[in-house]
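Right, one structure below, let's go through it.
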Amino acid sequence: MGKHDHLEHHGDSLANAARANLERSGEKWTDTRAAIFDALAGFSRPASAYDIAELASTARGKRVAPNSVYRILDLFVANNLAMRVESANAYLANSHPGCEHDCIFLVCDNCGEATHIDDDALSQQVRKVAKSQGFESIRPVIEVRGICQKCN
């Protein structure tokens, strides 16, 4: 197990991969969902639903309510298009929406940058321990807080 290679998407390629992934799951890629995804993908660090709503509202020329943004972000997380940084209540676009990984983040307490890392061996170990405790439907979310290399 461990790390593996996967295609990192950016820009239009990322939006197209996200759309394909969502439609494969039987969901529609609406104009509002596209605007929310584009806004989310425009952030280089985790963004709050309010930040995403503001950017999407500006881009669309009409207000997008934060409630709608939260519902859409939940849908995106459930379909692997976005990842939620729990400790910051913020979201990042998943640059490889076709791959299923657990969320492991290195979160900088100084600049707020969150780096997503894939470590299937670590995830499998956490799943194994949780299962031994009787947990079902396990989705590990691991966040390591500290100071990133740029801020150090």
Taking side-chain hydrogen bond (donor to acceptor under 3.5 Å, both in side chains) as the test, write out the residues that go with Thr32, two or more places apart.
Arg60
So do the side chains of [X] and [Y] get within less than 4.5 Å of each other, counting heavy atoms only?
| X | Y | result |
| --- | --- | --- |
| Ile52 | Phe43 | yes |
| Ile142 | Val126 | yes |
| Tyr70 | Leu75 | no |

First locate atom [atom1] of [X], then atom [atom2] of [Y], and finally report the distance between them rounded to the nearest 0.5 Å.
| X | Y | atom1 | atom2 | answer |
| --- | --- | --- | --- | --- |
| Leu22 | Ser25 | CG | OG | 4.5 Å |
| Ile104 | Glu143 | CD1 | CD | 11.0 Å |
| Asp118 | Ser123 | CG | OG | 8.0 Å |
| Gln125 | Asp120 | CD | CG | 13.0 Å |
| Leu55 | Leu40 | CG | CG | 10.0 Å |
| Thr115 | Leu106 | OG1 | CG | 5.5 Å |

If we count only N and O atoms by modelled type, under 3.5 Å, do the side chains of Arg24 and Asn21 hold a donor and an acceptor together?
yes
Cluster check Val129, Leu122: I/L/V/M/F/W/Y, side chain < 4.5 angstrom:
no
Spell out, yes or no, whether Val141 and Val77 are grouped together once hydrophobic residues are joined by side-chain heavy atoms under 4.5 Å, including indirect joins.
no
More than 12 heavy atoms of other residues, nucleotides or ligands under 6.0 Å from CD of Glu113: yes or no?
yes
Tell me, yes or no, whether the heavy-atom count around Asp31 atom CG, taken from other residues, nucleotides or ligands under 6.0 Å, exceeds 12.
no
Distance-only, no hydrogens or angles: does the [X] side chain make a donor-acceptor pair with backbone N or O of [Y] under 3.5 Å?
| X | Y | result |
| --- | --- | --- |
| Arg19 | Lys28 | no |
| Thr58 | Glu54 | yes |
| Asn79 | Leu81 | no |
| Ser48 | Ala90 | no |

Scanning both residues in full, the closest heavy-atom pair of Leu14 with Ala41 reads CD2-CB, 4.0 Å
Nearest heavy-atom pair of Glu27 and Arg33: which atoms, and what distance?
OE1-NH1, 3.4 Å
Who clusters with Phe105? Use side-chain heavy atoms, under 4.5 angstrom, across I, L, V, M, F, W and Y, and order the result by chain and number.
Met83, Val85, Leu92, Val107
In terms of the angle between their ring planes, are Trp29 and Phe76 parallel, tilted or perpendicular, with boundaries placed at 30° and 60°?
parallel
List the atom pairs, donor and acceptor, that lie under 3.5 Å between side-chain atoms in residues 144-152 and the rest of the protein, sequence neighbours left out.
| residue | atom | partner | partner atom | Å |
| --- | --- | --- | --- | --- |
| Arg145 | NE | Asp109 | OD1 | 2.8 |
| Arg145 | NH1 | Ser87 | OG | 2.7 |
| Arg145 | NH2 | Asp109 | OD1 | 2.7 |

Can Tyr91 and Asp51 be said to form a side chain to side chain contact (heavy atoms under 4.5 Å, CB included), step by step?
CA-CA 10 Å; Tyr91 300 82; Asp51 293 336; over 6 Å; no
